Amino acid sequence: MPPDPPVSRQNLIIGRALAILMVAFALGVVAILALRLTAWRGVSKTVPADTGLAEQCADLDATTLASARRTTITATDGFTLGAAETGSATAKTVVILRHGASQTICDWLPWAAQTSADTGARVLLFDRRGRGSSPGTPSLTKEPADLVAAGAKEGSAGVSEVVLVASSMGNSIVYAALPDLSPQPCAVVSISPVLLSGDSTGEVRGDALKKVVPNTWVAWETKNPPIVRDANAVIDAVDAAGGEAQNLDVETADHSRQLLSKHPEVATFVREGIASCH
């Protein structure tokens, strides 16, 4: 058998380059998977409901942490939801926030502290089941009842006005819970509304819009067609019920917290919606 022909220098260089590219690609895939795993662990990690906010939200600045207080909410089935509040404990206007799917109270505490400082309202925010400081089995379909429990807690505390602020998927919870809320909110502020959500326990049909509040404020991004559709559905439902929704559309794809933080006009709009109840 004749000997194999010698490998040319050019082929050797090409072979080595391909090998380096394959190794680099493999390392890139590993890095992406590691980042996703880290993000997943950060979202799924939970702490007991009475954990100090400085421990749960260790990345927040001391000023924000000093302005917030740990509290809890007991759901109708006995589940304990970890919560926090900002502002005066005796404020007669309370803002209850329902945030998006992957978020926790730590993501929204800076906004809550600033909102209390700007409006004088107390802000109550609580973690979803199975997230943050609400350890346990996640159950999206129980979240409308959890919001009703939070509203009842505030009603029993003698609050005069309740404002609901919802971001992204939190809108599905708010609009599904509205018929059962007591006291009824003075205003609803919707940011990037997502009206239909679901998980392994079932769906939350906020898109039914069985009840709306005349004093409704809606802000959304125009470069996200499903969000545009849901925003218009809310506005149409308010108008059909005899109200007049205030609305703000922004030419961007920024969603939820990004819409609020990157666009000052949205922050002002949300603040005005809250202040409309004073």
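All values reported here derive from a predicted model rather than from experimental measurement.
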Validation row: Ile73, Asp146 side chains within 4.5 angstrom (heavy atoms):
no

Quick check on Glu265: does its CD atom have over 12 non-hydrogen neighbours (other residues, nucleotides or ligands) under 6.0 Å away?
yes

Mind checking who shares a hydrophobic cluster with Ile105, ILVMFWY linked at side-chain heavy-atom distances under 4.5 Å?
Leu53, Leu60, Leu65, Val95, Leu97, Trp108, Leu109, Trp111, Val123, Leu125, Val163, Val165, Val189, Ile191, Trp217, Leu248, Val250, Leu259, Leu260, Val266, Phe269, Val270, Ile274

Result of checking Met169, Glu203, Arg129 against Leu140 for side-chain contact (heavy atoms from CB on, under 4.5 Å):
Met169

Within this structure, what is the CD-CG distance for the pair Glu244 and Asp239, rounded to the nearest 0.5 Å?
7.0 Å

Given Thr201 and Thr141, is the side-chain hydrogen bond (donor to acceptor under 3.5 Å, both in side chains) satisfied, shown in steps?
CA-CA 6 Å; Thr201 65; Thr141 54; 3.2 Å; yes

Is any side-chain heavy atom of Lys223 closer than 4.5 Å to a side-chain heavy atom of Glu251?
yes

At their closest point, which heavy atom of Leu209 faces which heavy atom of Ala233, and how far apart are they?
CD1-O, 3.5 Å

Does Lys211 reach the side chain of Leu181, with side-chain heavy atoms less than 4.5 Å apart?
no

Smallest heavy-atom separation, Ala91 atom then Val159 atom, equals O-CG2, 4.5 Å

I'd like to check Asp77 versus Lys142 (side-chain heavy atoms, cut-off strictly below 4.5 Å). Are they in contact?
yes

Is it true that Val228 and Leu195 fall in one hydrophobic cluster, defined by side-chain heavy atoms closer than 4.5 Å?
yes

For a side-chain hydrogen bond (donor to acceptor under 3.5 Å, both in side chains) check, start with the C-alpha distance between Thr71 and Lys153, then their side-chain angles and the critical distance, and finish with the verdict.
CA-CA 11 Å; Thr71 187; Lys153 175 181 178 179; 2.9 Å; yes

Test your reading of the model: is there a side-chain donor-acceptor pair from Gln103 to the backbone of Gly100, 3.5 Å cut-off?
yes

Verify side-chain hydrogen bond (donor to acceptor under 3.5 Å, both in side chains) between Thr104 and Gln56, making sure each step is shown before the conclusion.
CA-CA 10 Å; Thr104 71; Gln56 181 189 355; 4.7 Å; no

How far apart are the closest heavy atoms of Ser67 and Ala113, and which atoms are they?
OG-CB, 3.3 Å

How close do Thr74 and Ala149 get, heavy atom to heavy atom, and via which atoms?
O-CB, 3.8 Å

Under 3.5 Å donor-acceptor, Ser192 side chain and Ser256 backbone:
yes

Do you know which of Thr216, Asp230, Asn171 makes side-chain hydrogen bond (donor to acceptor under 3.5 Å, both in side chains) with Ser190?
Asn171

Sequence neighbours excluded, the answer for side-chain hydrogen bond (donor to acceptor under 3.5 Å, both in side chains) partners of Arg257 is none

Taking the basic N atoms (NZ, or NE/NH1/NH2) and the acidic carboxylate oxygens, is any pair closer than 4.0 Å for Asp199 and Arg128?
no

Do any N or O atoms from the side chain of Ser160 and from the backbone of Thr93 form a donor-acceptor pair under 3.5 angstrom?
no

Could you walk me through whether Thr115 and Thr86 pass the side chain to side chain contact (heavy atoms under 4.5 Å, CB included) test, one step at a time?
CA-CA 9 Å; Thr115 297; Thr86 60; over 6 Å; no

Beyond-backbone contact of Pro144 with Val204, side-chain heavy atoms, under 4.5 angstrom:
yes

Do you know the tightest heavy-atom contact between Tyr175 and Val188?
OH-CG1, 3.6 Å

For the pair Arg98 (side chain) and Ser172 (backbone), establish whether a donor and an acceptor sit closer than 3.5 Å, ignoring hydrogens and angles.
no

To the nearest 0.5 Å, what is the distance between CZ (Arg122) and NZ (Lys92)?
9.5 Å

Summary of disulfide (SG to SG under 2.5 Å) pairs that have at least one residue in residues 99-142, sequence neighbours excluded:
Cys57-Cys106

Distance-only side-chain donor-acceptor flag, Asp254 / His263, under 3.5 Å:
yes

Could you check His99 against Asp107 for side chain to side chain contact (heavy atoms under 4.5 Å, CB included), going step by step and ending with a plain yes or no?
CA-CA 9 Å; His99 55 64; Asp107 297 311; over 6 Å; no

Say whether, by atom type as modelled, one donor and one acceptor occur between the side chain of Arg70 and the main chain of Thr51 under 3.5 angstrom.
yes

Any side-chain heavy atom of Cys186 within less than 4.5 Å of one from Val162?
no

What do the steps show when you test Val234 against Trp220 for side chain to side chain contact (heavy atoms under 4.5 Å, CB included), and what is the final call?
CA-CA 11 Å; Val234 172; Trp220 71 96; over 6 Å; no

Using only atom types and a distance under 3.5 Å, with no angle test, would you say the side chain of Gln184 pairs donor to acceptor with the backbone of Leu178?
yes

Are Asp127 and Leu81 side-chain neighbours, meaning at least one heavy-atom pair lies under 4.5 Å?
no

Has the side chain of Ser133 got a donor or acceptor atom that lies under 3.5 Å from a matching backbone atom of Pro48?
no

Give me the atom names and distance for the closest heavy-atom approach of Gly130 to Phe79.
N-CZ, 4.5 Å

